[in-house]
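Working notes, beginning with the structure itself.
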Amino acid sequence: QVQLVESGGGSVQAGGSLRLSCAASESINCMGWFRQAPGKEREGVAAISTRGSFTYYGDSVKGRFTISRDIPRNTVYLQMNSLNVEDTAIYYCAARCTLGGSLLRPTTFGYWGQGTQVTVSS
């Protein structure tokens, strides 16, 4: 069972930045970040391939968020810039993707972190 431990959430004013981290207990293939706001479905934010060669972003975060990974440390990061109130949600780290699945779909991933709250105020 892969354990995922997230950190870095918090509160920030609109226009600010936050960096999320997710450490996996062992080496894993693709990893991703999803978010879920109250009353909404879980949304794919960003994902990264096993070696970090390919990255994928949801339309709402393109140009503002950057996903990266430190392979030796089994850690994935999400740098979030130019945050706005619509980015407020619980952010979840995901790992172990099913080959052939869309990396921005929750059903593609097998392991999930506990979630970290991100709150953006105006």
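- Closest non-hydrogen pair, S122 versus A14, comes out as CA-CB, 4.3 Å.
- L83 and L18 get closest at one heavy-atom pair: CD1-N, 3.8 Å.
- Grouped by direct or indirect side-chain proximity (heavy atoms under 4.5 Å, Ile/Leu/Val/Met/Phe/Trp/Tyr only), V85 sits alone.
- Under the side chain to side chain contact (heavy atoms under 4.5 Å, CB included) criterion, S7 pairs with S21, not counting sequence neighbours.
- Listed for the E6 side chain is a donor-acceptor partner under 3.5 Å among the backbone atoms of G115.
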Does the pair R69 and C22 meet the rule for a side-chain contact (heavy atoms from CB on, under 4.5 Å), with working shown?
-> CA-CA 9 Å; R69 68 187 299 172; C22 172; over 6 Å; no
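- Take N74 and apply the side chain to side chain donor-acceptor pair (under 3.5 Å) test, not counting sequence neighbours, and it matches no residue.
- Take Q1 and apply the side chain to side chain contact (heavy atoms under 4.5 Å, CB included) test, not counting sequence neighbours, and it matches Q3, Y111.
- A single hydrophobic cluster is not seen to contain both I90 and L20; linkage of ILVMFWY side chains at heavy-atom distances under 4.5 Å, directly or through other members, places them apart.
- For residues 49-65, every residue pair satisfying the salt bridge (Lys or Arg N to Asp or Glu O under 4.0 Å) rule, not counting sequence neighbours, is listed here: D59-K62, R64-D87.
- The two residues A89 and A37 come nearest to each other via the heavy atoms CB-N, 3.9 Å.
- In terms of the side chain to side chain donor-acceptor pair (under 3.5 Å) criterion, residue partners of R42 (sequence neighbours excluded) are, by chain and number, Q36.
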Using a 3.5 Å cut-off and no angle test, enumerate the donor-acceptor pairs between side-chain atoms of residues 92-104 and protein atoms at least two apart in sequence or in another chain.
{"unit_1": "T98", "atom_1": "OG1", "unit_2": "T108", "atom_2": "O", "d": "3.3"}
{"unit_1": "S102", "atom_1": "OG", "unit_2": "L104", "atom_2": "N", "d": "3.3"}

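- Not counting sequence neighbours, the partners of T50 by the side chain to side chain contact (heavy atoms under 4.5 Å, CB included) test are N29.
- Residues R19 and T66 form no side-chain contact, since every pair of their non-hydrogen atoms from C-beta on lies 4.5 Å or further apart.
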Taking distance alone, no hydrogens or angles, what donor-acceptor pairs closer than 3.5 Å link side-chain atoms of residues 75-82 to residues at least two apart or in another chain?
{"unit_1": "T75", "atom_1": "OG1", "unit_2": "R73", "atom_2": "O", "d": "2.8"}
{"unit_1": "Q79", "atom_1": "NE2", "unit_2": "N81", "atom_2": "OD1", "d": "2.9"}
{"unit_1": "N81", "atom_1": "OD1", "unit_2": "S17", "atom_2": "OG", "d": "2.9"}

side-chain contact (heavy atoms from CB on, under 4.5 Å) between T88 and V118, intermediate numbers included | CA-CA 5 Å; T88 296; V118 171; 5.9 Å; no
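- With sequence neighbours excluded, the residues that form a side chain to side chain contact (heavy atoms under 4.5 Å, CB included) with S49 are S53, F54.
- No donor-acceptor pair closer than 3.5 Å links the side chain of T116 to the backbone N or O of Y91.
- Crowding of E26 atom CD: a count of heavy atoms from other residues, nucleotides or ligands under 6.0 Å exceeding 12.
- Residues forming a ring-ring contact (aromatic ring centres under 6.0 Å, His included) with F34 (at least two apart in sequence, or on another chain): F109, W112.
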Show your reasoning for whether side-chain contact (heavy atoms from CB on, under 4.5 Å) applies to V61 and W33.
-> CA-CA 12 Å; V61 306; W33 288 97; over 6 Å; no
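- Sorted pairs that involve residues 40-87 and meet disulfide (SG to SG under 2.5 Å), not counting sequence neighbours, are lacking altogether.
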Please test L4 against Q114 for side-chain contact (heavy atoms from CB on, under 4.5 Å), starting from the C-alpha separation and ending with a verdict.
-> CA-CA 8 Å; L4 301 174; Q114 78 284 359; 5.9 Å; no
